[in-house]
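Notes follow once the structure below has been shown.
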Protein chains: 2
Amino acid sequence: MGAQAQRRPTLDEVALRAGVSRSVASRAINNARDVSRNARDAVQKAVRELEYVPNPTAKALATSRAGTVLLAVSHDDLGLFADPFFAHVIVGINAALEKTDLVLMLLLADSERGRERLERVLRSRRADGIMLLALHGDDPLYRLAQSLDLPVVVGGRPIHGEPTWYVDADNRGGARLATEHLISAGRQRIAAITGGQDTHAGMARHQGYREAMAVAGLDGSRTEPSDFTELGGVAAMTRLLERYPDLDAVFAASDNMAAGAIRALKAAGRSVPEDVAVVGFDDLPIARNTVPALTTIHQPVQALGQEMAKMLIDLMAGEQPNPLLLRTHLVVRASAP
Amino acid sequence: MGAQAQRRPTLDEVALRAGVSRSVASRAINNARDVSRNARDAVQKAVRELEYVPNPTAKALATSRAGTVLLAVSHDDLGLFADPFFAHVIVGINAALEKTDLVLMLLLADSERGRERLERVLRSRRADGIMLLALHGDDPLYRLAQSLDLPVVVGGRPIHGEPTWYVDADNRGGARLATEHLISAGRQRIAAITGGQDTHAGMARHQGYREAMAVAGLDGSRTEPSDFTELGGVAAMTRLLERYPDLDAVFAASDNMAAGAIRALKAAGRSVPEDVAVVGFDDLPIARNTVPALTTIHQPVQALGQEMAKMLIDLMAGEQPNPLLLRTHLVVRASAP
DNA sequence: AAGTGGACTGGAAGCGCTTCCAGTATCGCC
DNA sequence: GGCGATACTGGAAGCGCTTCCAGTCCACTT
């Protein structure tokens, strides 16, 4: 460490040096009103000379605003956190926060213990606002945050009780897009592998598929439930082939499941996309690494994070922003040209 | 929000209700000494009844400890942050922090603006300790943290000036492992695609390769520099094939480059692993999705995060832990059986 | 010349907690 | 029974900042 533990200058010393009172110095620094041009200049000079940096803790105590926002991820399986999805969300959040003085706190809760800790952090008001990610069903966390009178923005939507403020990808629209792409390519017997129907995304993507099929007057009942994972995709595809050996296309509600489906199709001797076209959802890196590369629905994950943070900032400023649905788009690759 | 903004109970009220003075209440809550059994019980009861949660800001001000640690990622290309590497590190850090009262702050700095912000956060001592990730060369951040007299733990090692406290994977050992595997499989003309030689990992992996080759009495000069990316791997492999058309194996210093190398080899009509065996480094998810699946070196990324956090905690407690090198191991898949 | 409003100032009271320290019970011991 | 030692207690002084509020000062009106 080396350097002697030098005491940092306080506002008092700045004021002293600038020849003004502490309150003036404070106002000058937070550029509030009622500070003369002279005083402001003198304070700025003193700040520079002393290398003064305000003590955020003291400020927080005085204003009772922590100056932080919390990103909470509550999920039993943190392996899921490894999904690039989260990283992109965080990059987006970071970008939005960069324009402010807010600092991001991150809390992952996988265990009961972790959730208690999260609850304590919330209750202690270490953060002025909270962003919730990957809520399963009716996560108690949401209710807690609500009851604590803290601004909450949810990324994605929990299944029960639509939160007042959320940012989500347009899952239903994306699934329609995917299905319509298959239809317009002339496919007729289009099956779907659905994701966990205990998540909003799982349901919405299923619904989008059914809508597109209905609009085209096709049979939308060839569906097989699964769980968003690659292994789940393999199993679901295998079952689909047994039940509907004549299918000519599959919409999988996640890229991981789509990758699994491709593996199962190949194992069954079907060629992709000739015999069976496959479309996924998410546009994860894996979509470029399947063979053939995966046609999929891209969702703007980074924008999701950014909009979540923006919405939270608005909320903390007392505004009443509207929930946001982010547009998705089709990325055509080889698995469904 | 609904609920009226109820004022939270303060320590004073707890003390009043428990029939003790505030200082006793404080000591009871922080279970310090000089509190009678009776007093302690009464305080605990009052805490429960009032649902008292201490105000961390006030505590921080009084003790001048923020109760937080910062994870700072300073890198020009935040696309790199999407790498599951970071997510795993964070999961590890989170796990170590869960046992304490420390909260994690996350700051990504890609722009100059972001770096200034990071510097301000450090200077303001919003965090009691800092973990640095992905330092390129001699990041000024490290020096700053040092000069601020803040405990710093570096994940990975910057190229210049070994930091006092770091946790790193044993890159050199891993690269030796990889190369030795190829050698013991009977390969003779083993080339290497190296990663950025302005990073410690890039250099150490290069060195491990050379050592293994030297020990076996083989020519370790067939190397081609690259940049850790898949595209870089394609280009480097292409150049290698031009220069050494007879090579029979490649060690790529990252999985991404290895994936690129495989693509380039296939494009050149070489079969993997028959004509050319390939070994990567990192054991990222992509290693399972290449065709053939990639033999690679696994590094314990989650443990890396966990150990970083543990080391930082020790450091903040005034201890002097030792730098840590985490063992890597070989994962054999199809690309180099 | 006195009065009025506006622009600015600075003393002082907190924000909720920790912790020093002087003080008071309580105890064992000879 | 009196002594010091020990175990506890609670008042009070901060930690560094914001912000209210009672003033001061000045430039204008009428």
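Excluded from the calculations below are hydrogen atoms, water molecules and symmetry mates; all remaining heavy atoms, backbone and side chain alike, are included. So that the names make sense, note that chain A is the first sequence line, chain B the second, and so on, each numbered from 1.
- A 4.5 Å side-chain heavy-atom check between M316(B) and L102(B) finds at least one atom pair inside the cut-off.
- Among residues two or more places apart in sequence or in another chain, the side-chain contact (heavy atoms from CB on, under 4.5 Å) test is passed with A95(A) by Q306(A).
- Applying the side-chain hydrogen bond (donor to acceptor under 3.5 Å, both in side chains) rule to pairs touching residues 121-133 of chain A yields E119(A)-R123(A), sequence neighbours excluded.
- Between dC15(D) and N55(A), no contact under 4.0 Å exists linking OP1 or OP2 to a side-chain N or O.
- Of the side-chain N and O atoms in S21(B), none sit less than 4.0 angstrom from OP1 or OP2 of dT9(D).
- In the interface, the side chain of S23(B) is paired with the base of dG10(D) through a donor and an acceptor atom under 3.5 Å apart.
- For the pair R22(A) and R37(A), both in contact range of DNA chain C, the more 5′-proximal nearest nucleotide belongs to R37(A).
- Distance CG/L71(B) to CE/M131(B): 5.5 Å, rounded to 0.5 Å.
- R27(B) contributes a side-chain N or O that forms a donor-acceptor pair with the base of dG10(D) under 3.5 Å.
- With respect to the salt-bridge test (charged N to carboxylate O, under 4.0 angstrom), the residues K310(A) and E307(A) qualify.
- Between atom CD of residue E13(A) and atom CZ of residue R17(A) there is a gap of 10.0 Å, rounded to the nearest 0.5 Å.
- End-to-end axis angle of the helix from dA1(C)-dT30(D) to dC30(C)-dG1(D), using five pairs per end and rounding to 10°, comes to 50°.
- OP1 or OP2 of dT9(D) has at least one side-chain nitrogen or oxygen of S36(B) nearer than 4.0 Å.
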